[in-house]
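What follows is a short report on a single structure.
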Amino acid sequence: MMDIPKTYDPKQAEQRHYARWEELGAFAPETNRDEGAPAYSIVIPPPNVTGSLHMGHALQHTLMDVLSRHKRMCGHRVLWLPGLDHAGISTQKVVSDQLKKEGLSRHDLGREKFIERVWQWRHESGGQITKQMRREGASVDWSRERFTMDEGLSRAVREVFVRLYEQGMIYRGDRIVNWCPTDQTVLSDLEVSKTPQAGKLYYLRYPLKNGNNQGRYVTVATTRPETMLGDTAVAVNPSDERYLDLVGATIELPLAGRLIPVVADEYVDPAFGTGAVKITPAHDPNDYEMGVRHELPQVVVIDVHARMTEAAGAEFNGLDRYKARERVVEKFEELGLLEKVVDYEFSISKCDRCKTVIEPLISTQWFCRMDELRRPALRFLAERKEPRFFPEIPYEKVYTEWLENLRDWTLSRQLWWGHQIPAWYTRDGQVIVARSLEEARAVAGTDDLTQDPDVLDTWFSSALWPFSTLGWPDETDDLKTFYPTSVLVTARDIIFLWVSRMVMTGLKFMDETPFQDVFVTGTIFDKHGQRMSKMKGNGVDPLEVFDKYGVDATRLTLASIGSTDTRWNENQVESYRNFANKIWNAARFSLLNSEGATVGHGFEGERAAWALHDRWIVSRLNQAAQSVNRSLAEYDFYAAVQTLYHFFWDDFCDWYIELSKADVTATEPSPERDAARSRLVTVLEQALRLLHPFMPYITEELWQRLPGAGQHLLHEAYRGAEATIMLTSYPEGSAALIDERAEWEMRAIIDLVSRVRNIRSGINLKPSEAVRVIVGTADDNLRELFGSAKSMAQIARLTRASEISVRESLDGVPRAAARAVLEQGGEVAVPLEGLIDFAQERERLGRERDKLQREAAKLEAQLANPQFAERAPAEKVKEVRDRLNDIAQRAAALQQMMEALG
RNA sequence: GCCCGCUUGGCUCAGUGGUAGAGCACUCGCUUCACACGCGAGGGGUCAAUGGUUCGAAUCCAUUAGCGGGCACCA
């Protein structure tokens with residue numbers, strides 16, 4: 001306690017406390033011994049096992065940790081469950097790339113060996129992530145850590161798949177799908193994104209066959225000429241008069257030589273292009289639909305590698321799709337069938353992961369019908385507002401609209417890493433969906449089965465996360481206690497991919513929404529407003545920020561970001577680093593003067609007998625506590641941080657510590673000194689508790705050093721646990737301890753002190769130069785307040801005054817004095833013989849008076865408006881009238897002062 | 001194309017009907033016995049524009065502009 005450094009070193013504290021908390025089991029819900037404690041649970045959005053944590057993760061984790069620590073201190077049985085996602089495509093890609101460097105492909109290893117290799121990587125990479133989370137201070141229960149490929153979760157995946165299949169909601173079939181030629185797998189609609197593309201629109205002439213149409217042609221417009229080789233019709237709108245006579249006619253498809261019909265379909269927009277559309281059912285989703293409507297054949301001319309097939313004709317067979325495009329256009333030109341080519345901007349689907357242009361292909365895949373799943377989700381939102389979105393705008397609407405327009409979900413992926421689809425095929429093509437090979441064999445009556453080689457979309461297992469992690473399908477205690485979870489905290493880009501699907505499966509299998517609230521975090525951009533990304537290399541590494549400013553300061557910055565989109569601003573972190581240092585030094589002062597002090601003491605006896613600043617700080621503390629609790633209940637993290645920051649810095653440091661100093665630093669030991677010191681550490685201890693969910697490390701570090709801090713301070717639910725601030729009770733804020741009178745009185749003192757300081761500063765007085773302060777006020781209460789020996793000593797100390805005198809007015813004060821009007825009534829004068837520039841002083845007073853008069857004029861105008869008195873609430877009218885009186889009084893006082901200056 | 005959000009001091013952001021706020025930056029003065037990552041005192045904004053509703057608008061409505069986001073099967 002003798003040698004507390006002047007500067008807080010975050011690293012020290014960060015290294016010590018996390019390991020201890022973990023050892024104590026303080027993160028586990030079992031630490032709570034209160035049988036009746038309400039449960040509070042959060043499942044973490046499992047980070048991809050391939051990734052390292054970025055600032056977005058740090059943001060989410062900070063918010064979840066604040067909530068968890070807060071609720072834990074409130075005595076809830078808290079479970080924050082950590083885990084990782086196997087991230088099918090990404091992970092397979094990472095490991096494949098590693099193999100590539102060794103000159104190998106996954107096929108060289110074979111499926112089994114490859115998967116072994118992925119597991120190996122999973123352990124290395126996963127360790128990095130959990131290490132980072134520990135650094136963040138995340139109070140997750142590591143004993144319940146889950147991975148989406150764990151046996152338990154895999155079992156849940158199979159169970160859900162089988163049940164949905166049995167109910168006809170999962171089916172296998174041929175459909176046109178999004179195919180990524182690079183990743184060699186199908187993708188769901190959510191895994192492709194449309195990007196604008198500057199391209200060309202090619203106008204191709206298709207000659208008509210048939211007798212009387214000889215020599216005529218139809219022109220179609222297309223962005224993908226190479227697909228014409230797979231055309232099986234041309235469509236026009238049935239109401240399009242230009243083409244009325246053509247419906248039913250036959251076209252001789254150039255290059256292919258195939259005969260194809262002209263069909264009529266409402267889908268065609270007569271206003272676009274030529275009003276005639278080429279139809280390629282095998283390679284375009286819309287054409288596919290139209291093909292089904294008109295029973296058109298499907299000619300597959302592009303394969304899974306985006307190369308032309310044999311069906312495209314010998315001349316094109318094996319060509320890359322873009323090469324084929326050039327060739328087709330050349331050919332049309334040669335044949336005189338290329339009408340024109342125009343520049344055209346359109347959007348194109350790309351694979352989210354590798355940015356390859358998607359090739360729509362017809363393929364046999366597993367799908368999930370969403371209708372029955374989404375209906376309850378929409379109903380729960382409409383009828384019960386579950387889940388509740390924070391912020392409600394825009395996310396509730398975005399979520400609803402997506403659910404309303406949902407289409408079937410493509411479940412299968414042509415990968416090796418993931419949950420292999422629990423479907424087996426007999427030699428004669430029978431499909432058996434079962435929970436295990438044994439079950440499948442029993443059903444099939446044969447051992448001669450082949451399992452479907454495909455795996456499930458990663459998001460299929462994620463969709464079950466809130467209950468699969470708690471032991472489902474078994475009815476475990478955890479499931480009963482912690483489902484549904486309390487809140488989900490996540491980034492907005494996975495509301496569809498993940499949140500909505502969890503809601504749907506939760507309602508389907510647990511009959512309850514998996515979380516009451518969904519808090520959507522903001523997005524952190526770089527300082528230019530660009531999204532942070534690995535590719536751009538503009539990301540800020542949380543670990544570097546931790547190293548530079550400390551975890552607590554970073555957490556405070558992140559907490560105040562909350563749901564706001566914001567540009568990363570290091571200055572903010574620096575200012576919170578300074579705040580941490582302020583806390584450190586406030587504690588340092590308290591500890592350097594703590595002999596004889598005990599936390600929890602010093603506030604004995606009638607409150608009315610306490611000193612003003614003690615009543616005041618207790619009032620402020622309780623106001624702050626109430627406010628923080630209220631803010632957290634609404635997920636208003638920013639407000640909570642602001643409250644804590646200003647309570648600690650402004651109220652506690654700037655005023656309370658200063659006002660306590662005389663008593664606390666008395667050189668002679670005395671019961672009074674002990675009591676004052678106890679009060680100081682008691683308030684500090686409460687403040688540290690309030691700060692703890694946001695700044696776990698520094699608060700623990702300091703709390704451990706407080707005299708009298710120990711097990712007896714723990715929340716009763718944690719009785720018997722080792723002493724840690726983590727398990728103390730969170731100050732609720734008691735209305736009974738809020739003292740309006742003390743706050744009014746302190747405002748008067750603060751105002752008086754500030755006025756005198758302002759005067760001192762205005763004439764550049766050295767701190768060492770003492771002044772005389774004369775207060776004049778007709779208010780008995782104020783005279784009593786300022787005139788008490790205690791107050792006079794404190795005011796003198798804070799204003800560096802040699803003498804304070806309090807009177808009924810400033811009459812008789814020498815002309816050479818700087819004066820100011822007090823907000824709560826009365827005036828103050830500081831005699832400054834020889835130091836005062838009368839003209840300058842008059843000017844200063846005049847400026848202040850003018851300002852008041854301008855405001856008074858506004859208020860007068862308002863009162864003069866008869867409509868105002870008539871229509872505004874009486875309470876408001878009175879408020880304005882009172883304020884006007886107050887301002888007028890002050891302005892008059894200023895006027896008098898100016899006159900007194902001569 | 002449709003839908004949504006944002007626009008507040010130099011910067012990053014709070015504020016959602018009744019006196020414009022914070023942090024940083026800036027100016028002045030301070031080695032005042034916790035802290036210069038500090039202390040004290042200041043300056044700075046017609047709240048994007050226009051119109052409307054209202055006794056009263058940064059706040060509600062409409063339009064416009066700029067920025068950002070989501071959705072969409074227009075070849």
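Excluded from the calculations below are hydrogen atoms, water molecules and symmetry mates; all remaining heavy atoms, backbone and side chain alike, are included. Numbers restart at 1 for each chain; the letters A, B, ... are given by sequence-line order, proteins then strands.
Atom C1' of B/rC61 sits at a distance of 13 Å from the matching atom of B/rG17, rounded to the whole Å. As rounded to the nearest Å, B/rG5 and B/rG15 have P atoms that lie 16 Å from one another. Comparing the same atom, C1', in B/rG38 and in B/rC24 gives a spacing of 16 Å after rounding to whole Å. Distance check on atom C1': B/rG1 versus B/rG56 gives 41 Å, rounded to whole Å. Comparing B/rA14 with B/rG23, their P atoms sit 16 Å apart, to the nearest whole Å. When the C1' atom is compared between B/rU16 and B/rU54, the two are found 16 Å apart, to the nearest whole Å. Using atom P as the reference point in both B/rG9 and B/rU63, the two lie 25 Å apart (nearest Å). Between B/rG40 and B/rA57, the distance separating the two P atoms is 38 Å to the nearest Å.
In this structure, the ring-ring contact (aromatic ring centres under 6.0 Å, His included) partners of A/Trp402, at least two apart in sequence or on a different chain, are A/Phe496. In this structure, the ring-ring contact (aromatic ring centres under 6.0 Å, His included) partners of A/Tyr635, at least two apart in sequence or on a different chain, are A/Phe390, A/Phe519. In this structure, A/Phe525 has no ring-ring contact (aromatic ring centres under 6.0 Å, His included) partners at least two apart in sequence or on a different chain. By the side-chain hydrogen bond (donor to acceptor under 3.5 Å, both in side chains) test, A/Asn178 pairs with A/Asp189, sequence neighbours left out. For A/Arg844, the salt bridge (Lys or Arg N to Asp or Glu O under 4.0 Å) test picks out A/Glu841, with sequence neighbours left out. Looking at residues two or more places apart in sequence or on another chain, you find no ring-ring contact (aromatic ring centres under 6.0 Å, His included) involving A/Phe694.
A salt bridge between A/Arg224 and A/Glu359 is present, with a side-chain N of the basic residue lying under 4.0 Å from a carboxylate O of the acidic one. Residues A/Arg242 and A/Asp240 are paired through a salt bridge, judged by an N-O separation under 4.0 Å between the basic side chain and the carboxylate. Taking a cutoff of 4.0 Å between a charged side-chain nitrogen and a carboxylate oxygen, A/Arg374 and A/Glu404 do not qualify as a salt bridge. Ion pairing between a basic and an acidic side chain is recognised when a charged N comes within 4.0 Å of a carboxylate O; A/Arg705 and A/Glu701 show such pairing.
Nearest-nucleotide assignment on RNA chain B puts the 5′-proximal partner with A/Ile561, out of A/Asn865 and A/Ile561.
With rounding to whole Å, A/Leu556 atom CG is found 14 Å from B/rG23 atom P. The nearest whole Å value for the distance from the CG atom in A/Asp751 to the C1' atom in B/rA41 is 14 Å. Separating the CD atom of A/Gln642 from the P atom of B/rA22 is a distance of 10 Å, rounded to the nearest angstrom. As a whole-Å value, the separation of A/Glu769 CD from B/rG40 C1' is 15 Å. In this structure, CD of A/Glu570 is placed 15 Å from C1' of B/rG23, rounded to the nearest angstrom. Note: CD (A/Glu634) to C1' (B/rG15) measures 14 Å, nearest angstrom. Note: CG (A/Asp650) to P (B/rG23) measures 7 Å, nearest angstrom. Distance, A/Ile763 CD1 to B/rG40 C1': 14 Å, rounded to whole Å.
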*Treat a base pair as Watson-Crick or G-U wobble with both distances under 3.5 Å, then lay out RNA chain B in dot-bracket form, 5' to 3', with | for cross-strand pairs.*
((((((((.[[[[.)..(..]]]].(((((.......))))).....[[[[[..)....]]]]])))))))....

Are there any protein N/O atoms within less than 3.5 Å of an N/O atom in nucleotides 1-12 of chain B, and if so, which ones and at what distance?
unit_1 : atom_1 : unit_2   : atom_2 : d
B/rU12 : O4'    : A/Asn569 : ND2    : 3.1

Please produce a list of atom pairs where a protein N or O lies less than 3.5 Å from an N or O of nucleotides 58-61 of chain B.
none

Between the protein and nucleotides 70-75 of chain B, which nitrogen or oxygen pairs are less than 3.5 angstrom apart?
unit_1 : atom_1 : unit_2   : atom_2 : d
B/rC73 : O4'    : A/Asn286 : OD1    : 3.0
B/rC73 : O2'    : A/Tyr267 : OH     : 3.4
B/rC73 : O2'    : A/Asn286 : OD1    : 3.2
B/rC73 : O2'    : A/Asn286 : ND2    : 2.4
B/rC73 : N1     : A/Asn286 : OD1    : 3.2
B/rC73 : O2     : A/Asn286 : OD1    : 3.4
B/rC74 : O2     : A/Asp269 : OD2    : 3.3
B/rC74 : N3     : A/Asp269 : OD2    : 2.8
B/rA75 : OP2    : A/Tyr344 : OH     : 2.3
B/rA75 : O2'    : A/Ala221 : O      : 3.2
B/rA75 : N6     : A/Asp269 : O      : 2.7
B/rA75 : N6     : A/Phe272 : O      : 2.8
B/rA75 : N1     : A/Asp269 : N      : 3.3

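For the residue pair A/Thr274 and A/Thr219, no side-chain donor N or O sits within less than 3.5 Å of a side-chain acceptor on the partner. Side-chain N/O atoms of A/Asp231 and A/Tyr206 include a donor and acceptor closer than 3.5 Å.
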*Starting from the C-alpha separation in whole Å, work towards a yes-or-no answer on side chain to side chain donor-acceptor pair (under 3.5 Å) for A/Asp651 and A/His646.*
CA-CA 7 Å; A/Asp651 295 342; A/His646 291 291; over 6 Å; no

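Residue A/Asp654 comes nearest to A/Glu658 through the heavy atom pair O-CG, 3.1 Å, listed as atom of the first residue, atom of the second, then distance.
Nucleic acid contact class of A/Pro873 (heavy atoms, under 4.0 Å, all strands): base. Residue contacts shown for A/Arg883 include a base, since a base heavy atom lies under 4.0 Å away. When heavy atoms are screened at a 4.0 angstrom cut-off, A/Glu855 is found touching base atoms of the nucleic acid. Within the 4.0 angstrom heavy-atom criterion, only backbone atoms of the sugar-phosphate kind lie near A/Thr564; the bases stay farther away.
When the side-chain nitrogen and oxygen atoms of A/Ser560 are compared with OP1 and OP2 of B/rC13, none of them lie within a distance under 4.0 Å.
Annotation: cation-pi geometry satisfied between A/Lys661 and A/Phe589 (NZ/CZ under 6.0 angstrom from ring centroid, within 45° of ring axis). By the 6.0 Å and 45° rule, A/Lys200 does not stack over the aromatic ring of A/Tyr344.
Taking the six-membered ring for Trp, A/Phe652 and A/Phe648 have ring centres closer than 6.0 Å.
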*Going 5' to 3' along nucleotides 29-39 of chain B, which nucleotides have protein heavy atoms under 4.0 Å from the base (write B), which only from the sugar-phosphate (write S), and which from neither (write -)?*
SS-B-BB-BSS

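The stretch residues 878-889 of chain A participates, sequence neighbours left out, in these side-chain hydrogen bond (donor to acceptor under 3.5 Å, both in side chains) pairs: A/Glu855-A/Arg883, A/Lys878-A/Asp882, A/Asp886-A/Arg890.
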